[in-house]
**Q** 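To start, I am sharing the structure in question, which I have written as structure tokens.
Letters A, B, ... mirror the listed sequences (proteins, then strands); counts begin at 1.
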Number of protein chains: 2
Amino acid sequence: MGRVGIRDVAKAAQVSVTTVSHALNDRRGSRISAATKEHVRAVAEDLGYAPNRLASGLRNNRSYLIGLVSDEIATTPFAGDMILGAQDAAYERGCLLMMLDAGGDGELEKRQVSTLLQHQVDGIVYARMYHQRIGLPVELAGVPTVLLDAVSADEKVSSVIPDEVEAARLAVRSLVAAGHRHIGFINNLDDIPATHGRLLGYQEALKESGIEFDPALVVAGVPETNGGRAAAMDVLSGPSRPTALFCFNDQMAMGAYQAAGSLGLEIPRDLSVIGIDNLELIAAALWPGLTTMALPHYDMGRWAVKQLLNEIEKPDDVEPVQMMFDCPLVQRGSVAPPLQI
Amino acid sequence: MGRVGIRDVAKAAQVSVTTVSHALNDRRGSRISAATKEHVRAVAEDLGYAPNRLASGLRNNRSYLIGLVSDEIATTPFAGDMILGAQDAAYERGCLLMMLDAGGDGELEKRQVSTLLQHQVDGIVYARMYHQRIGLPVELAGVPTVLLDAVSADEKVSSVIPDEVEAARLAVRSLVAAGHRHIGFINNLDDIPATHGRLLGYQEALKESGIEFDPALVVAGVPETNGGRAAAMDVLSGPSRPTALFCFNDQMAMGAYQAAGSLGLEIPRDLSVIGIDNLELIAAALWPGLTTMALPHYDMGRWAVKQLLNEIEKPDDVEPVQMMFDCPLVQRGSVAPPLQI
DNA sequence: TTGAAAGCGCTAACAA
DNA sequence: TTGTTAGCGCTTTCAA
């Protein structure tokens, strides 16, 4: 581990450390002759010089470290792409991401944030596993922060979320486009933005197609497979069976598949199903594959870090922006025209 | 952001910075009177002092940063618990984890490692998404490293993997214990340690129960749902249908469910199924729930970091250890006695 | 165009 | 038991 430092380079290149520093960082262009710059760089390369970020960070008050604190993203399959997007964006701007996952433990999260700050992170991406409205933790006051898959009540800080209403609208529209007019909605019963947004989108899409909203066709459950199964069982056994089901998420859609199976309904012949999430592991594994709306996790992660770095790099105009991303439709095999139209 | 430093504390406590440093870090116990120590700590707490890890790291040659470089763990649902375990272990020892995911891009990975080293990480956990045998990247030479879910060909570095053979043995044993003697194996066709290890365990478990190995009962496919579906379709339509299926992983088991469904076989009445992975998202979502062997991801992640920190903290006896963890059985509802025995 | 030197916040060897 | 002070590796002001 013979770490080679800037002075080793200076010695080898027969110049001063100042010159080396300037040659490697070229700030003001007109500082150094092109020749020495080239020379110094060659020597540095030769010696395998790599800067010590601890030292430069200490001096510059800039660690090139970004903290990402989350509730459960890291460990659940739902939003892995958020991390990837964030990581990519950070890496492209010369930063590293330090990801911490408190698993929903508020006290732990507090300590994690403090540890992150001790390491002098340049800013923090505060991410939630699913779109929610939150109060910004006090320990983040004064720290450059961007919210990922969350909005703050006071909107004092930038945030990025998916457009729930539009996602639902597009999903239902695609069902309508396939010829369906009798469309059930398997909703989540949790009181979260997605629940309300998607219901709204569902209603709007129906309205714009001149289909009357029938409350009997929306039934809620816990947002997992069993909740979807029960709810689907319910609405499919009802008096007027829908020909298509819009499901709150892919897991509930999987439950709908199971309900359809046990009722002897074949997808998509007897029943079309569309989900939200594009959870590869489920959507692609179902048979037939599940048509679904992809949550723009990668883009959101990317945007959050990009915005954060922008705010860090010019802290003058810290105009917080509330961003929303669209959810693209991913077609597989679970939507077809209804049997008799 | 009025950062308060050690000298602020010193001034406020009316002592020197040395005293503050010692009071807060208590190295050699007998350095400072209990009274002043208490006093200094109180003042520090009061001022909200938090050490600057960049500065102390620079001074100590110890960043308290651990790098975790992986191929795809971060972004796929398979091994999230490895990260959690690693994070927990790091956090308990006062370290932070910097996770980088190259998505399988070797060049990128090389640069990521170099970035990590620039940030002076104390060591690196080199993790793979699934158990494999690898050559250690050259850029890691001389850097404290532990392999996670991988072993190095030369065994010069510590590593931790799951016990594939034992996992399969236990899975098959539990099928035998339920009364099955006609057990199929849906294997992966990739040439990786898990493929061979699990086949071996399958064979050993049969042998110890006095069941003859029938090559016609093992059929391989791509390790995903469709591969499992095709393979299961195959073996279940064959001349002597097994009463139970041991599947390479939970996704293939899901495929087996689909095959069973389309053949009119009810699980677990007509067919028992057992998987490996305990992929919550699938195992719990299937109906009935999938009985499966859990891969010890959390424990492996934890162990890797613990071992790494041990090696970092006393670099004298760097005796690399090759660790193996057992896979516990997670019972849900997919195993029952065979219909007629 | 280049170099000397101060100092980022902290620790620890040395002095008192 | 406590304080003074020299750096850790780097950037940058100021002088040459």
**Q** Test of understanding: with salt bridge (charged side-chain N to carboxylate O under 4.0 Å, His left out), list the residues that count as partners of A:K156, not counting sequence neighbours.
**A**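 Salt bridge (charged side-chain N to carboxylate O under 4.0 Å, His left out) list for A:K156, sorted by chain: empty.
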
**Q** Return whichever of B:Q14 or A:G5 has its heavy-atom-nearest nucleotide of DNA chain D closer to the 5' end.
**A**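 First, find each residue's nearest nucleotide; the 5'-ward one identifies B:Q14.
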
**Q** Does B:R62 qualify as a cation-pi partner of B:Y64, given the criterion of NZ or CZ under 6.0 Å from the six-membered ring centre and within 45 degrees of its axis?
**A**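 Ring-cation test returns yes.
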
**Q** Starting from the 5' end of DNA chain D, give me the residue, B:N61 or B:A34, whose nearest nucleotide shows up first.
**A**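 Upstream on the strand: B:A34.
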
**Q** Which ones in residues 44-58 of chain A lie close to DNA chain D, meaning a heavy atom under 4.0 Å from one of its atoms?
**A**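 Under 4.0 Å from DNA chain D: A:Y49, A:P51, A:N52, A:A55, A:S56.
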
**Q** Do A:R93 and A:Y91 meet the cation-pi criteria used here (NZ or CZ under 6.0 Å from the six-membered ring centre, within 45° of the axis)?
**A**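 No, A:R93 does not sit over the ring of A:Y91.
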
**Q** From C:dA12, C:dG3, D:dT11, pick the nucleotide closest to the side chain of B:R59?
**A**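 That would be C:dA12.
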
**Q** Select one nucleotide: of D:dC10, D:dT1, C:dT11, the one nearest the side-chain heavy atoms of A:I6.
**A**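 Per side-chain heavy atoms of A:I6, the pick is D:dC10.
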
**Q** Starting the side chain at C-beta, find the nucleotide from D:dT4, D:dT11, C:dA4 nearest to A:T18.
**A**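 In terms of side-chain proximity for A:T18, the closest of D:dT4, D:dT11, C:dA4 is C:dA4.
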
**Q** Could you tell me whether A:E139 and A:R111 have a side-chain N and a carboxylate O separated by less than 4.0 Å?
**A**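 No, no charged N to carboxylate O under 4.0 Å.
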
**Q** Have a look at A:T19 and say if it touches a base, only the backbone sugar-phosphate, or nothing, with a 4.0 Å heavy-atom cut-off.
**A**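 Touches sugar-phosphate only.
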
**Q** Taking only side-chain nitrogens and oxygens of B:N25, does any of them come within less than 4.0 Å of OP1 or OP2 of C:dT11?
**A**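 Checking B:N25 against C:dT11: at least one side-chain N or O falls below 4.0 Å of OP1 or OP2.
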
**Q** Give A:V15 one of three labels, base, sugar-phosphate or nothing, depending on what nucleic acid heavy atoms sit under 4.0 Å from its own.
**A**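 The residue A:V15 makes sugar-phosphate contact but no base contact.
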
**Q** Would you list the atom pairs, donor with acceptor, under 3.5 Å between side chains in residues 295-302 of chain A and any protein atom, with sequence neighbours excluded?
**A**
residue : atom : partner : partner atom : Å
A:H297  : ND1  : A:F78   : O            : 3.3
A:Y298  : OH   : A:D88   : OD2          : 2.5
A:Y298  : OH   : A:R302  : NH1          : 3.0
A:R302  : NH2  : A:E92   : OE1          : 2.7
A:R302  : NH2  : A:E92   : OE2          : 2.8

**Q** Between A:E313 and A:K306, does any NZ, NE, NH1 or NH2 come within less than 4.0 Å of an OD or OE carboxylate oxygen?
**A**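 Result for this pair is no, no salt bridge flagged.
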
**Q** Just how far, in rounded Å, is P of C:dC10 from CD of A:Q118?
**A**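 Atom-to-atom, A:Q118 to C:dC10, this comes out as 10 Å.
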
